[in-house]
2 protein chains.
Amino acid sequence: MMVDDGQLDRSFAALADPVRRAMIARLSRGPATVNELADPFPITKQAVSRHIQVLEAAGLITRTRDGQRRPCHLVPAALEALTSWIDEYRLETERRFRRMEALLKEQES
Amino acid sequence: MMVDDGQLDRSFAALADPVRRAMIARLSRGPATVNELADPFPITKQAVSRHIQVLEAAGLITRTRDGQRRPCHLVPAALEALTSWIDEYRLETERRFRRMEALLKEQES
DNA sequence: TCTATATTCAACACATCAGTTGATCAAGGG
DNA sequence: CCCTTGATCAACTGATGTGTTGAATATAGA
């Protein structure tokens, strides 16, 4: 899975906001419009509309057309790109820890 | 794995910067000091020092003491908390997609 | 066509962030 | 006890982000 640096910037920045994370959670249960996404929050729909644009620019969601509505859809592959990036370094670190543990145990004996 | 909302804010925001991501990559290969982390970048050590503080506040790294040096260490569990959060919603979305595919296939027949 | 609904654009205020320079603190080595 | 090295603090600047209000656009429906 290849993502350019800018996409990582935008994706992580997109998730660094509780409102957008709540939208992600909501969208995991199915598509939703601006109005539906705005409902739980005490902010204007314009603000929600821009949150959606941020998520879309990050590639985390796509939008379709349904009459006047512009439903949002989560893109699981984009989420997977993030976990891949993180896991690469987490797994390397864990491997290193295990190697060090093994070395310490050898020293003891 | 339980993380408060603020930790998610700080963690994702911490990763939304290419300099800090490069530091994470470097630290996955072993501990490093401020000076070592600063080396690849054309910015001052003060700036690097603050990037490190951001990573530490996010819980992504810890620091130890070695004489004058304050080596940084990656915390794999903190990375794992992020992938868990993301995967919850990615997997839910993928399950939903599969259910919809199955339904469509049923309609056809 | 006229009106209501869904969404977006534009311009502004305010806060936060990443970087700088200069001063300061802490630990080791002569 | 100096002096050097590693690291941090403080104050400032410019850029970016999140929210607001008010106007504009687009589609649906009577």
Side-chain angles (χ1 to χ4, degrees), chain A residues 4-27 30-74 82, chain B residues 4-27 30-74 82:
Chain A
D4 67 291
D5 223 55
Q7 281 294 340
L8 281 179
D9 281 3
R10 285 187 284 274
S11 295
F12 282 124
L15 296 182
D17 183 295
V19 171
R20 286 191 292 261
R21 282 200 305 278
M23 289 176 172
I24 294 284
R26 165 64 186 82
L27 289 173
T33 65
V34 174
N35 274 297
E36 289 165 349
L37 288 171
D39 198 50
F41 302 105
I43 59 177
T44 62
K45 299 179 184 189
Q46 290 96 320
V48 172
S49 182
R50 283 210 296 198
H51 279 300
I52 289 172
Q53 289 173 41
V54 170
L55 290 170
E56 193 178 17
L60 295 173
I61 67 172
T62 57
R63 310 193 66 179
T64 51
R65 169 68 75 177
D66 170 28
Q68 319 171 258
R69 320 244 166 70
R70 313 270 324 269
C72 303
H73 311 259
L74 208 47
L82 297 185
Chain B
D4 67 291
D5 222 55
Q7 282 295 337
L8 281 178
D9 281 4
R10 285 187 285 273
S11 295
F12 281 126
L15 295 182
D17 182 295
V19 171
R20 287 191 292 260
R21 283 199 305 278
M23 289 176 172
I24 294 284
R26 164 65 185 81
L27 290 173
T33 65
V34 174
N35 275 298
E36 289 164 349
L37 288 172
D39 198 50
F41 302 105
I43 60 178
T44 62
K45 299 179 184 189
Q46 290 96 321
V48 171
S49 183
R50 284 210 296 200
H51 279 301
I52 288 173
Q53 289 173 42
V54 169
L55 290 169
E56 194 179 15
L60 295 173
I61 67 171
T62 57
R63 310 191 68 180
T64 51
R65 168 68 74 177
D66 171 27
Q68 318 171 258
R69 319 241 166 71
R70 314 269 323 269
C72 303
H73 310 259
L74 208 48
L82 298 185

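The sequence lines fix the lettering, A, B, ..., with proteins before strands; numbering per chain opens at 1. Heavy-atom basis, side chains included; hydrogens, waters and symmetry copies ignored. Just so we're clear, the structure is a prediction, and the values are computed from it rather than from any experiment.
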Between P of D:dT5 and CD of B:Glu36, the distance in whole Å
16 Å
Distances under 3.5 Å between nitrogen or oxygen atoms of protein and nucleotides 27-30 of chain D:
unit_1: D:dT27; atom_1: O2; unit_2: A:Gln68; atom_2: NE2; d: 2.9

When rounded to whole Å, the CG to P distance for the pair A:Leu15 and D:dG17 reads 15 Å
Nearest-nucleotide check on DNA chain C, A:Pro71 vs B:Arg20; residue mapping nearer the 5' end is A:Pro71
Distance test, side-chain N/O of B:Asn35 to OP1/OP2 of D:dT5, below 4.0 Å:
no
Can you confirm whether more than 12 heavy atoms, excluding those of B:Arg69, are under 6.0 Å from its CZ atom?
no
Rounded to whole Å, CD of B:Gln53 lies from P of D:dA7 at a distance of 12 Å
Separation of B:Asp39 atom CG from D:dG6 atom C1', in whole Å?
14 Å
For B:Ala13 and A:Ala16, which heavy atoms make the closest approach, and how far apart are they?
N-CB, 3.4 Å
Rounded to the nearest angstrom, tell me the gap between atom CZ in A:Arg69 and atom C1' in C:dA4.
12 Å
Between A:Ile43 and A:Ala47, which heavy-atom pair has the shortest distance, and what is it?
CD1-CB, 4.0 Å
Heavy-atom closest contact (B:Pro40 atom, B:Leu37 atom, distance)
CD-O, 3.1 Å
In whole angstroms, the gap separating C1' of D:dT5 from CZ of B:Arg70 amounts to 15 Å
Just the atom pairs and distances: protein N or O near nucleotides 14-16 of chain D's N or O, under 3.5 Å.
none

Solution key, residues 51-60 of chain B side-chain donor-acceptor pairs under 3.5 Å, sequence neighbours excluded:
unit_1: B:His51; atom_1: ND1; unit_2: B:Arg20; atom_2: NH1; d: 3.1

Show me the donor-acceptor pairs, under 3.5 Å and distance only, between side chains in residues 61-68 of chain A and residues at least two apart or in other chains.
unit_1: A:Arg63; atom_1: NE; unit_2: A:Arg70; atom_2: O; d: 3.4
unit_1: A:Arg63; atom_1: NH2; unit_2: A:Arg70; atom_2: O; d: 2.9
unit_1: A:Thr64; atom_1: OG1; unit_2: A:His73; atom_2: NE2; d: 2.7
unit_1: A:Arg65; atom_1: NH1; unit_2: A:Gly67; atom_2: O; d: 3.2

Sub-3.5 Å pairs of nitrogen or oxygen atoms, protein against nucleotides 19-22 of chain D:
unit_1: D:dG19; atom_1: OP2; unit_2: A:His51; atom_2: NE2; d: 2.3
unit_1: D:dG19; atom_1: N7; unit_2: A:Arg50; atom_2: NH2; d: 2.4
unit_1: D:dG19; atom_1: O6; unit_2: A:Arg50; atom_2: NH1; d: 3.4
unit_1: D:dG19; atom_1: O6; unit_2: A:Arg50; atom_2: NH2; d: 2.5
unit_1: D:dT20; atom_1: OP2; unit_2: A:Thr44; atom_2: N; d: 3.0
unit_1: D:dT20; atom_1: OP2; unit_2: A:Thr44; atom_2: OG1; d: 2.7
unit_1: D:dG22; atom_1: O6; unit_2: A:Gln46; atom_2: NE2; d: 2.7

List the steps, then state whether side chain to side chain contact (heavy atoms under 4.5 Å, CB included) holds for B:Arg26 with B:Met23.
CA-CA 5 Å; B:Arg26 164 65 185 81; B:Met23 289 176 172; 5.5 Å; no
If I take atom CG from residue A:Leu15 and atom CG from residue A:Leu82, how far apart are they, to the nearest 0.5 angstrom?
6.0 Å
Within residues 34-53 of chain B or reaching into it, pairs that qualify as salt bridge (Lys or Arg N to Asp or Glu O under 4.0 Å) - sequence neighbours excluded
none
